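Proteins come first, then strands; the chains are lettered A, B, ... in the order of their sequence lines, and each starts at number 1. Everything numeric in this text was worked out from a predicted model, so none of it was measured.
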Amino acid sequence: MTRKLPWLALASAFAIAAGPARADETKDLPSDAKLMGEQHSIAILSKPHPKRLYVLEPVFPHIIASKVWIIDGDKQEIVGMTSAGYCSNFAIAPDSSQIYTFDTYWSKGTRGTRTDLITFFDGRTLDIAAEVDLPKGRMLVVPKKQNAEVTTDGRYLLSYNLAPSTSVSVVDTKAKKYLGEIEIPGCGLIFPSAGNRFSSLCSDGTLLTATFDEKLKTKLSRVGPFIDVVNDPVYEHAAMDKQKGKVHFLSYEGMVYSADLSQEKPSISPGWSLLTDADKAESWRPGGWQVVNMHRPTGKLYVLMHKGARWTHKTPGEEVWVFDIASKKRVNRIHLKEHAISIALSQDDDPHLYTQTETATLITYDALSGKEVGEMKFGITPYLLFTHGD
Amino acid sequence: MTRKLPWLALASAFAIAAGPARADETKDLPSDAKLMGEQHSIAILSKPHPKRLYVLEPVFPHIIASKVWIIDGDKQEIVGMTSAGYCSNFAIAPDSSQIYTFDTYWSKGTRGTRTDLITFFDGRTLDIAAEVDLPKGRMLVVPKKQNAEVTTDGRYLLSYNLAPSTSVSVVDTKAKKYLGEIEIPGCGLIFPSAGNRFSSLCSDGTLLTATFDEKLKTKLSRVGPFIDVVNDPVYEHAAMDKQKGKVHFLSYEGMVYSADLSQEKPSISPGWSLLTDADKAESWRPGGWQVVNMHRPTGKLYVLMHKGARWTHKTPGEEVWVFDIASKKRVNRIHLKEHAISIALSQDDDPHLYTQTETATLITYDALSGKEVGEMKFGITPYLLFTHGD
Amino acid sequence: MFSGLQVIDKVFETMSRRTAQKISRRSFVARIGATLAGAAVLPVLPVARKAQAAEDPGVEWAKRVEAQTKDPRACNYWRYCSSDGYLCSCCGGGPATCPPGSTPSPTSWVGSCLNPDDGKMYLIAYRDCCGKDSCAQCGCLGTAGEMPTYRPQLNNDIIWCFGGSSMVYHCSSAAIVGQI
Amino acid sequence: MFSGLQVIDKVFETMSRRTAQKISRRSFVARIGATLAGAAVLPVLPVARKAQAAEDPGVEWAKRVEAQTKDPRACNYWRYCSSDGYLCSCCGGGPATCPPGSTPSPTSWVGSCLNPDDGKMYLIAYRDCCGKDSCAQCGCLGTAGEMPTYRPQLNNDIIWCFGGSSMVYHCSSAAIVGQI
């Protein structure tokens with residue numbers, strides 16, 4: 001079909017084979033019409049900045065249709081979104097030049113042929129840059145950040161797997177290629193600490209560290225047990241400074257264990273408690289989903305806190321407590337406008353504290369003063385928060 | 001892995017290749033344990049009955065994940081659910097022995113290879129009985145009942161298509177096979193009136209009737225125009241008595257046109273208005289999604305009504321008005337507890353009036369007295385209601 | 001999706017009058033007719049409706065919603081007179097811009113909206129941005145002039161992503177083509 | 001999914017004691033260990049926890065929620081002491097029945113719940129019903145005894161549909177295996 005009347009493009013609405021119409025819209029207009037020349041464009045994200053926030057939601061109860069929302073924390077607005085799969089995970093390249101979803105799809109929604117893959121998106125255009133299959137699948141679980149990660153130099157993507165033995169699938173971002181599995185017997189989760197190294201928490205309370213080369217030749221080392229895994233396990237989410245190889249684990253009962261993973265054989269400092277006797281008497285405990293985070297430049301630990309009994313480790317927090325990691329002292333308490341399940345921090349000098357509430361609202365606070373910066377509502381079950389440079 | 005400890009089946013949780021465990025759970029128990037013998041079973045739906053209700057929801061804004069809910073209107077409870085695709089449609093075999101979803105999927109959720117198909121479900125087990133591809137695709141639109149239908153004898157499934165010319169895809173339920181397309185130039189929607197016949201509404205206000213044989217040799221006949229399609233079109237949803245070949249079309253402005261489609265060349269009676277001058281003075285109009293339905297045994301027309309201006313044809317109704325079709329007289333007004341977008345009726349002697357509200361609540365009324373029977377909440381955008389024998 | 005065509009009759013009327021030298025109305029009708037409806041159907045085009053319509057729905061809309069030109073994230077932003085759906089402006093795009101990574105449908109339709117600042121009518125090209133699940137922000141659901149799907153070119157329930165990389169609807173946008 | 005294992009230690013303890021003649025605890029540990037954790041890991045099993053736990057979480061749960069035996073659509077129905085998720089009972093199934101067209105996962109775990117009517121402990125087999133999207137009714141989300149995913153056999157966020165026709169979670173059920 002010829003395209004002589006592109007401005008009345010309804011005609012082309014039925015011409016599926018026709019090429020894009022948008023360049024043609026200003027042609028063939030009435031001779032006395034004033035052309036405005038506005039072309040239809042596709043937006044590109046601004047350069048990544050510290051207050052760029054990515055929010056992953058599994059979209060309960062439609063969990064074959066995960067979404068990732070991209071937020072400008074300064075402007076308090078949505079700047080993009082992308083669709084993901086079933087129980088998808090998410091990771092960001094260290095420079096945010098690419099973002100990654102770790103996806104599982106069935107060819108007919110909930111049935112048919114299963115595909116597990118990592119989708120590479122350009123960090124500015126959100127166009128798909130690559131798709132790399134994960135032949136061993138993925139562990140399917142309500143998403144936690146440490147199920148999928150990227151090495152500190154951005155070279156390798158790591159995806160936790162359990163089918164039935166526990167391993168980490170490794171994908172080379174440069175070659176856009178699946179390299180294979182690194183077995184992590186009895187362990188789970190991925191805490192990257194170098195370009196070729198990650199650690200995992202193990203069911204016996206030890207920490208396993210894997211150092212690998214381009215051919216996945218791997219050295220494993222194990223320290224600990226450093227936690228009482230039976231009575232007081234550490235959360236899956238931890239406060240991390242990946243580039244320095246530091247992870248601060250938080251336990252259900254409020255103990256903090258700082259691990260230095262910058263060497264092949266990590267060292268872990270003795271635990272200290274967030275809680276004074278007075279706090280304990282008032283039943284303060286950590287709780288939530290992404291329950292802990294840190295402001296790396298100043299070494300401050302941020303923890304979601306509530307009053308509750310044992311086994312309330314997923315109860316949303318009513319306050320965020322701020323600790324100086326070096327001195328192990330609480331330096332602030334931020335009362336939250338609405339109870340939150342997840343928190344994250346921007347890593348600049350006037351940091352934002354992002355909180356995802358139990359009613360799916362993103363409330364942003366000044367992380368220093370605790371003053372509210374803004375409130376946004378999007379999605380139905382936004383669970384995980386990622387900031388630029390995470 | 002052997003299965004000697006099936007009662008501690010966590011072991012098998014990691015043995016994906018292992019066979020079903022459920023038959024084994026009572027073996028190998030402690031010798032002094034008292035076995036209860038409760039086997040894990042899969043429910044089967046009761047025999048279809050008039051108060052069986054099927055509810056299709058496109059699940060906005062997650063429209064790759066449609067759902068069909070199956071409701072027992074007597075017990076006011078959910079008896080089943082099934083997952084469907086993108087902008088799926090739904091139809092029931094005349095005896096409810098099978099139900100059908102008309103689906104579109106992409107192999108990776110929102111991208112990848114597109115598949116259009118009809119999924120046959122057993123009406124009692126909800127197991128998938130067949131899948132038949134629709135090689136010409138489907139028209140993708142927020143679902144309306146008349147986009148997909150089954151002939152009155154249950155033999156053929158009919159799926160409306162627009163890509164770019166308008167046609168109806170025909171699938172043989174006996175052979176479980178796609179037969180081809182019936183072209184319906186300039187027309188849309190499917191109103192079945194016999195085992196081998198359906199009618200469509202056309203953009204010029206005429207009604208096209210297609211009578212076809214097993215080889216899709218088709219005779220087309222056209223009557224009308226019978227409506228002023230420019231100023232007062234009829235809704236896509238109509239009150240139907242398929243087995244008798246009767247359709248009562250309702251216009252935006254409240255005109256009713258009764259068509260007798262029992263013959264190859266239909267006849268359509270002159271229109272009559274639902275509205276008295278007093279009603280018009282009060283701005284009463286029909287409005288909603290599935291805006292009109294009927295109780296076939298008594299020949300009563302049920303219409304969702306609200307007060308509003310022209311072009312409020314999708315505004316939810318605050319009342320249901322009941323008309324005797326034969327005498328063209330209003331016989332009842334049912335004030336709704338909550339505004340409704342869609343209505344349906346059970347076809348028995350003490351009929352239910354099912355209403356789907358604008359807040360996604362199913363409120364059931366006694367269709368004769370207007371008294372509330374019950375209220376249920378499920379899904380987020382349940383749009384279409386189907387009753388047994390529809 | 002969700003995008004009505006209620007004012008296209010006005011556009012067509014205007015253009016068929018003004019562009020008579022370029023293409024006759026008859027040939028236009030014939031062309032559309034062949035695609036849309038085959039040879040059998042006559043008055044499929046909205047222009048037929050215009051002759052009988054009381055008031056231009058675009059003008060009526062601007063009055064009723066108090067159309068404005070400042071906030072493209074509000075349903076009453078002037079360009080949206082024919083647009084129904086989630087506003088791309090609320091999803092990382094703009095009135096004439098698809099959000100990152102989504103693709104404008106190669107197909108579109110055109111409406112004419114009243115700009116309340118200068119009181120003039122503008123041609124607006126509506127096309128859905130496609131390829132991702134619904135962006136779910138700022139749902140603006142208008143029905144003025146909206147017709148059933150058996151008049152598809154005037155219906156706003158249809159997924160208007162024909163010819164795109166994927167038929168999955170993300171959001172609705174609205175670009176200015178010209179002033180009439 | 002969502003289904004905890006908090007009382008399995010009790011079950012195991014009980015059974016390992018009573019069934020000592022059938023299988024030694026050592027061989028059981030070794031077997032699980034080989035599957036779960038390879039040869040390198042020692043105390044992966046909940047039985048290790050039991051020795052130190054203050055009170056049986058199943059009994060504690062029954063007290064706290066005032067467990068009842070009448071309404072299987074309520075979160076405090078006695079069998080659900082270890083179950084987290086959408087109740088199959090609200091979705092066309094029952095406590096021991098998957099809704100029509102969904103399939104019980106071939107894999108399950110076992111908990112022990114207190115029946116408040118007779119004051120006795122029962123073995124309950126938990127398995128998810130799989131193959132359809134979430135049924136989204138009666139979400140009961142318990143966390144008593146729940147552990148992080150690096151102790152997968154005690155974690156309730158994992159999709160427990162291993163070995164089923166599809167790994168898509170529909171709802172959670174709970175069948176009685178026996179009385180202990």
Fill in: Close side-chain approach of A:L140 to D:Y169, heavy-atom, < 4.5 Å
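In short, these two side chains do not touch, never coming nearer than 4.5 Å.
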Item to complete: Indicate the atoms forming the closest heavy-atom contact of A:P233 with D:M147, along with that distance.
Response: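 Scanning both residues completely, I find the closest heavy atoms to be CG-SD, 3.6 Å.
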Discussion item. Let me confirm one number: the CD-CG distance from A:E236 to D:N155, rounded to the nearest 0.5 Å.
Written reply: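 Result: 6.0 Å between the selected atoms.
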Worksheet item: Could you state the interatomic distance from NE2 (A:H62) to CG (D:D133), rounded to the nearest 0.5 Å?
Response: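 Here the interatomic distance stands at 7.0 Å.
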Item to complete: Grab the two heavy atoms, one from A:Y160 and one from D:T149, that are nearest each other, plus how far apart they are.
Response: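 The answer is OH-O, 4.4 Å.
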Worksheet item: Non-hydrogen atoms of chain D under 4.5 Å away: do they reach the side chain of A:L201, the backbone, both or neither?
Response: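 Backbone plus side chain of A:L201, per the 4.5 Å heavy-atom cut-off to chain D.
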Fill in: Minimum heavy-atom distance between D:I159 and A:V141, given as atom pair plus value
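Closest approach of D:I159 to A:V141: CG1-N, 4.0 Å.
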Worksheet item: Taking atom OH of A:Y86 and atom CE of D:M167, what is their separation to the nearest 0.5 Å?
Response: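 Between A:Y86 OH and D:M167 CE, I get 6.5 Å after rounding to 0.5 Å.
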Worksheet item: Which heavy atom of D:A136 sits nearest a heavy atom of A:P61, and at what distance?
Response: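 Here D:A136 and A:P61 meet closest at CB-CG, 3.4 Å.
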Worksheet item: Any sub-3.5 Å donor-acceptor pair from D:S166's side-chain atoms to A:T110's backbone N or O?
Response: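 It does hold such a pair.
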Worksheet item: Quick check: does any side chain N or O of D:R151 sit under 3.5 Å from a backbone N or O of A:V229, one acting as donor and the other as acceptor?
Response: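 Yes.
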Fill in: Verdict with reasoning, D:Y150 to A:T166, per side chain to side chain contact (heavy atoms under 4.5 Å, CB included)
CA-CA 10 Å; D:Y150 56 87; A:T166 53; over 6 Å; no
